[in-house]
Novice: 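My questions all concern the structure below.
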Amino acid sequence: MRIVLFCENKYAIDILHPIQLEADREGGNEVLWYVHEKKIPDFPLKHEVRWTASIQETYDFMPEAIFVPGNIVPYYLSGVKIQIFHGYAAEKKDHWIIRRYFDCYFTQGPYFTKKFKELSLKYGDFEVLETGWPRQDWIAEHRNDFNQEREQLLKQHGKQQIVLYAPTFSPKLTSLPLIKDNLVKLSKQKDVLLLMKFHPLTRQEWVDEYKALAAQYDNIVYVDDYSVTKYMLMADVMISDTSSTIYEFLLLDKPVVTLNAISKDIYWKNITDPNLLCDAVEDVVENEDYVRLRRWVIDNYDPYTDGKVAHRMLEGARDFIRRHGVPKKRKLNLWRQYTSIKTFGRIKKKD
């Protein structure tokens, strides 16, 4: 099967990589990464995988399946177009918007499957398959890989626990302008090492401000890495606001504190006053109610920790092709076609 891994944003890299690894393990597949060069000027896998920044080359590859952890994919590319999502944040309005670019939605767990199947019945032009989320495959394989690094960090800083601060980038939703003083207070009052990992789209002035903060304190470390997953595996507690990483951390069965989360349903400790941060971190660790809430998230949001998510995705793509053939392109209205061309450009079609 000829596969395109459609990598428009940096956060998509470690979502897509397990599919590459599984396709290689199976054998008999050709994989091409489309990488958006302006958004990812230094692709970290450039020496490990076949990739291109050319949408024309992607078109000429004539893919049979395209996996997309984003909201849009060019309609004029061949292949079954599969939405695999960039996270679990169902409270964000755009999570449930059907933009008509996709033939399939591969969902993470029962909570998402139920709603997308309802939408599939409404629109009638896409299928839904529950597979789990591919980044969980990487976690299943590497969950204990960073234990030694974690212990070295704690020993180096003389602390007992790691707290990860991973806010969203959205100016309307982020806690970055509100929480800084209390992060410092937490690092001073509690026996914790604070790691800060920001979304790649975070405003540069906030990045610079918090890098300067980390430079002032020995117990605060700014992490500059494209992937947050490693640091979630190392951390004991997460602090955030309204970010899909909240659910990823809960799925590790670890406690979360948020500031001003907009979620309708809260399965963690949420505060509206940043001055309550220190007490909240202590409470969320000790309170058994939050353990039960995390278990509900694990069962309903993504119970697939068997390391076979990417395998199910590849099988799902093959099954679609067996039943429907390889789509030559996706039928869209003129506005969606225009949006697709405006975003990714035109191509020279083959005769």
Side-chain angles (χ1 to χ4, degrees), residues 2-21 23 31-46 48-89 92-108 126 133-135 138 168-170 198-204 225-229 243-245 248 310 313 317 327 329-330 332 335-347:
R2 291 188 305 279
I3 300 163
V4 163
L5 301 180
F6 202 82
C7 190
E8 187 183 354
N9 291 289
K10 213 167 187 178
Y11 60 72
I13 296 169
D14 57 356
I15 301 172
L16 292 166
H17 197 202
I19 302 174
Q20 170 81 66
L21 297 175
V31 182
L32 175 69
W33 289 66
Y34 166 75
V35 179
H36 196 295
E37 202 166 29
K38 289 184 179 179
K39 295 182 180 179
I40 313 173
D42 188 17
F43 180 44
L45 302 180
K46 61 186 175 184
E48 301 174 32
V49 301
R50 180 181 175 186
W51 69 283
T52 181
S54 165
I55 204 70
Q56 181 68 52
E57 187 177 339
T58 306
Y59 173 81
D60 293 340
F61 181 68
M62 297 298 290
E64 296 170 283
I66 308 175
F67 293 92
V68 188
N71 295 327
I72 181 172
V73 62
Y75 72 96
Y76 47 72
L77 297 179
S78 67
V80 52
K81 297 167 183 64
I82 304 166
Q83 163 68 270
I84 63 171
F85 302 99
H86 58 269
Y88 300 95
K92 294 184 177 179
K93 293 179 181 179
D94 66 348
H95 193 88
W96 306 106
I97 294 175
I98 304 301
R99 295 176 175 83
R100 317 304 285 272
Y101 289 107
F102 298 100
D103 302 297
C104 294
Y105 285 72
F106 284 2
T107 54
Q108 306 100 314
F126 64 87
W133 198 46
R135 193 145 77 183
W138 191 92
T168 189
F169 71 94
S170 169
F198 292 175
H199 191 285
L201 299 179
T202 303
R203 284 181 178 177
Q204 190 59 45
D225 195 336
Y226 75 88
S227 174
V228 71
T229 310
S243 168
S244 63
T245 54
E248 295 175 50
M313 288 186 164
K329 65 179 183 180
R330 177 78 173 165
L332 287 178
W335 172 251
R336 294 297 187 191
Q337 290 183 37
Y338 167 76
T339 303
S340 193
I341 292 169
K342 183 180 179 183
T343 304
F344 297 104
R346 297 181 180 274
I347 44 88

Novice: How long is the span from the SG atom in Cys7 to the CH2 atom in Trp51, to the nearest 0.5 Å?
Specialist: 10.5 Å
Novice: Could you give the side-chain donor-acceptor pairs of residues 55-62 under 3.5 Å, partners two or more places apart or in another chain?
Specialist:
unit_1: Gln56; atom_1: OE1; unit_2: Lys348; atom_2: N; d: 2.6
unit_1: Gln56; atom_1: NE2; unit_2: Asp60; atom_2: OD1; d: 3.0
unit_1: Gln56; atom_1: NE2; unit_2: Lys348; atom_2: O; d: 3.0
unit_1: Glu57; atom_1: OE1; unit_2: Thr52; atom_2: OG1; d: 2.9
unit_1: Thr58; atom_1: OG1; unit_2: Ser54; atom_2: O; d: 2.9
unit_1: Tyr59; atom_1: OH; unit_2: Lys350; atom_2: N; d: 3.3

Novice: What is the minimum heavy-atom distance between Ile84 and Phe67, and which atoms define it?
Specialist: CG2-CD2, 3.9 Å
Novice: Closer than 3.5 angstrom, by distance alone: can the side chain of Lys39 be matched with the main-chain N or O of Glu37 as a donor-acceptor pair?
Specialist: no
Novice: Using side chain to side chain contact (heavy atoms under 4.5 Å, CB included), reason through Phe6 and Leu77 one step at a time and then give a plain yes or no.
Specialist: CA-CA 11 Å; Phe6 202 82; Leu77 297 179; 4.2 Å; yes
Novice: Quick one: closest heavy-atom pair of Ser78 and Pro63, and the distance?
Specialist: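 Where Ser78 meets Pro63 most closely, the heavy atoms are OG-O, 2.8 Å.
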Novice: Would you check if Leu16 and Pro134 make a side-chain contact, meaning some heavy-atom pair closer than 4.5 Å?
Specialist: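 Counting from C-beta outward, Leu16 and Pro134 never come under 4.5 Å.
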Novice: Inspect the surroundings of CD in Glu48 and state if more than 12 heavy atoms from other residues, nucleotides or ligands are less than 6.0 Å away.
Specialist: yes
Novice: Taking Gln83 for its side chain and Cys104 for its backbone only, find out whether a donor-acceptor pair lies under 3.5 Å.
Specialist: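 No: the side chain of Gln83 does not pair with the backbone of Cys104.
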Novice: Between Phe344 and Glu8, is the side chain to side chain contact (heavy atoms under 4.5 Å, CB included) condition met? List the steps.
Specialist: CA-CA 10 Å; Phe344 297 104; Glu8 187 183 354; 3.8 Å; yes
Novice: Grab the two heavy atoms, one from Val31 and one from Gln20, that are nearest each other, plus how far apart they are.
Specialist: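 Looks like CG1-OE1, 3.4 Å.
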Novice: Going by side-chain hydrogen bond (donor to acceptor under 3.5 Å, both in side chains), name the residues that satisfy it together with Asp14, two or more places apart in sequence or in a different chain.
Specialist: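 Once residues adjacent in sequence are excluded, the partners of Asp14 under the side-chain hydrogen bond (donor to acceptor under 3.5 Å, both in side chains) criterion are Arg135, Ser227, Thr229.
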Novice: Using every non-hydrogen atom in the two residues, find where Pro74 and Ser340 come nearest and quote the distance to one decimal.
Specialist: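 So the two residues come closest at CA-OG, 2.9 Å.
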Novice: Over 60° means perpendicular and under 30° means parallel, so classify the ring planes of His199 and Phe169, tilted if in between.
Specialist: tilted
Novice: For a 4.5 angstrom cut-off between non-hydrogen side-chain atoms, does Ile82 reach Met313?
Specialist: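 No, side chains not in contact.
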Novice: Do you know which two heavy atoms are closest between Tyr101 and Asn71, and how far apart they sit?
Specialist: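 Where Tyr101 meets Asn71 most closely, the heavy atoms are CD1-O, 3.7 Å.
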Novice: Does the plane of the ring in His86 sit parallel, tilted or perpendicular to the ring in Tyr11? Use 30° and 60° as the thresholds.
Specialist: tilted
Novice: Quickly, which of Phe106, Tyr88, Phe85 forms a ring-ring contact (aromatic ring centres under 6.0 Å, His included) with Trp133? Name it, please.
Specialist: Tyr88
Novice: If every non-hydrogen atom of Val80 is compared with every non-hydrogen atom of Pro327, which pair is closest and at what distance?
Specialist: N-CD, 3.6 Å
Novice: For Arg346, does the CZ atom have more than 12 heavy-atom neighbours from other residues, nucleotides or ligands under 6.0 Å away?
Specialist: no
